[in-house]
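Note that ligands are numbered from 1 as they come in the structure, with each ligand's atoms numbered from 1 the same way.
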Amino acid sequence: MPDQSSTPAPAPAPPAATQQTASALEALVPHLTSVCGRDGVVTDPMELRTYECDGLTSHRCSPGLVVLPGSAEQVAAIVRACARARVPFVARGSGTGLSGGALPRTDGVLIVTAKMRRIIEIDPASRRAIVEPGVTNLAVSNAAKPHGLFYAPDPSSQQICSVGGNVAENSGGAHCLKHGFTVHHVTGLEIVTPEGQLTWLGDGTGTAPGYDLVGAFTGSEGTLGIVTKIVVRLTPIPQAVTTLLAAFETMRHGGAAVSAIISKGILPAAIEMMDALAIEAAEAAVACRYPEGAGAVLIVELDGPETDVHAETAAVRAIAERAGAFEIREAADPAERAAIWTGRKSAFAAVGRISPAYIVQDGVVPRTALPEVLDRISALSAESGIRVANVFHAGDGNLHPLVLFDDTTPGQEEAAEVLSGAILDECIAHGGSITGEHGVGVDKSRYMPKMFRAEDLDTMQLLRCAFDPAGLCNPGKVFPTPRMCGEVPGVRHGPHPLVASGAAEAF
Ligand SMILES: Cc1cc2nc3c(=O)[nH]c(=O)nc-3n(C[C@H](O)[C@H](O)[C@H](O)COP(=O)(O)OP(=O)(O)OC[C@H]3O[C@@H](n4cnc5c(N)ncnc54)[C@H](O)[C@@H]3O)c2cc1C
């Protein structure tokens, strides 16, 4: 059984630089400067601090060195130099990650893809685009728009997050309910292996025979290599789109509407829900003017052929009314649609208006368990005296509880962490997961043993070791106890149950 004991301690900070590691880094500088140019290598301690965290600011570490390559060949040369010197390295896109995946190391090199922003090709005929990893998510859709196409995965951070980061995190977004996650839209990857070799995974069609290495790489959180080009699938812009905003007195009423929509066989592009506290924050930040007195709002977006959308809109309206919606708005044009989405898309940042500090949690539960888990979250919040605002992708059960605390009050941050962990326990207990889209990174590696047995974690690490035998590529992320790649699985824990039963063979 996975270990289900209470909130585990945070992951230890990455090791501090020793005299030896500092010398190794110093020795790399002339070579890296010859590869990336003087302005492509950052060594100034103040400038290095710019990169000390990602969107999860509770984990911080100043990198030993930062490099900003301009091409795949430069990335390969940097990684080869690190591999030769046995210096760890971490990739970073835009640094919007929320699990500390891009947390650098004092004894390592941070490889930032911000200069690799070329959209190399848009091919409307094959509905494919080839982009560099530093291109922002929204830039792909903007470039595809004149061809009647768009890039479907749409994290709320899409104006700034990079496609390379999206691949590493297998990012989702509001419209992933119908359109799928990043992994469903990536058909080929050029990568630099952890030994510094430039190679392609997948043939760009998404139909290549053999192991699905593109699928394995997508979501691997920067631990299997560095992505240097991405072939993405483009989707036709739907003929019609309707956006509805339904206001309910309680979350339970809103939740009932979600279940009824799905059980009717309707698959909206998005179903998003916000509770009263999240609405209050959004009002304070962007004056989204959601209906007054709402205990919950539901945003339902339907897209597709005009006749289907028309019929489904009428059906969703009727369902929402039956579930108790006291006001339903339908966007009449793109401006009104944007206004409805403004509140939802700004919700994470907006919470800063009503609380000095907060944790953005990311857990998943089966859709049917939503009402029960939401009740448990509000009970846990009441017991601990810590406020929780709920914003979530209701259609796929991906919760984003925002745990609010005052970091100037001693003990509050720790209490918020405990509450945050208790929410994840509820997700696991209801058959869900510790992350839906923000990844494990450094922050949630401690929760992995709650979901997986040690043998299963070992099996996962075999994949990591196959790509990165030296353990230099984003070490300390995803796994609570990194294994050395020379270790044989099973030695620490006895034979894997599948091996013991004769169903599988260790070799
Ligand atoms: C306000 C806000 C809203 C958000 N909304 C969503 C949302 O709706 N859905 C969602 O899924 N996420 C969301 N996120 C989280 C975040 O934006 C995504 O995880 C995003 O994909 C991270 O991209 P990035 O370029 O910022 O990556 P970074 O934070 O720089 O890195 C993330 C991870 O990717 C790795 N990485 C980066 N580039 C590469 C590369 N070229 N090759 C290999 N590994 C690489 C890093 O090592 C790290 O492990 C949100 C974040 C914020 C701040």
Nitrogen or oxygen of Val90 less than 3.5 angstrom from that of ligand 1: no

Interatomic spacing from CZ in Arg105 to CG in Asn474 - rounded to 0.5 Å: 9.0 Å

Aromatic ring pairing His438/His400, orientation class (parallel under 30°, perpendicular over 60°, tilted between): parallel

Location of contacts on Thr228 toward ligand 1, heavy atoms closer than 4.0 Å: neither

N or O pair under 3.5 Å between Gly172 and ligand 1: yes

N or O pair under 3.5 Å between His393 and ligand 1: no

Close N or O approach (Cys161, ligand 1; < 3.5 Å): no

Test item, Ala174 contacting ligand 1 (heavy atom, 4.0 angstrom): no

Ligand 1 N/O within reach of Phe217 N/O, cut-off under 3.5 Å: no

Under-4.0 Å heavy-atom contact with ligand 1, by part of His438 that carries it: side chain

Contact partition for Ser171 relative to ligand 1, non-hydrogen atoms under 4.0 Å: both

Smallest separation among heavy atoms of Val90 and Pro104, with atom names: CG2-CA, 4.4 Å

Polar side-chain atom of Asp468 near backbone of Cys473 as donor-acceptor pair, under 3.5 Å: yes

Residue portion contacting ligand 1 (non-hydrogen atoms closer than 4.0 Å) for Glu437: both

Close N or O approach (Asn166, ligand 1; < 3.5 Å): yes

Ligand 1 contacted by Gly55 (non-hydrogen, < 4.0 Å): no

Verdict with supporting geometry, Arg92 and Asp54, salt bridge (Lys or Arg N to Asp or Glu O under 4.0 Å): CA-CA 9 Å; Arg92 176 179 165 116; Asp54 60 10; over 6 Å; no

From Leu103 atom CG to His59 atom NE2, the distance as rounded to the nearest 0.5 Å: 7.5 Å

Per-atom contacts of ligand 1 with Gly93, taking only distances under 4.0 Å to non-hydrogen atoms: 25 (O), 28 (P), 30 (O), 37 (C), 38 (N)

Nitrogen or oxygen of Pro133 less than 3.5 angstrom from that of ligand 1: no

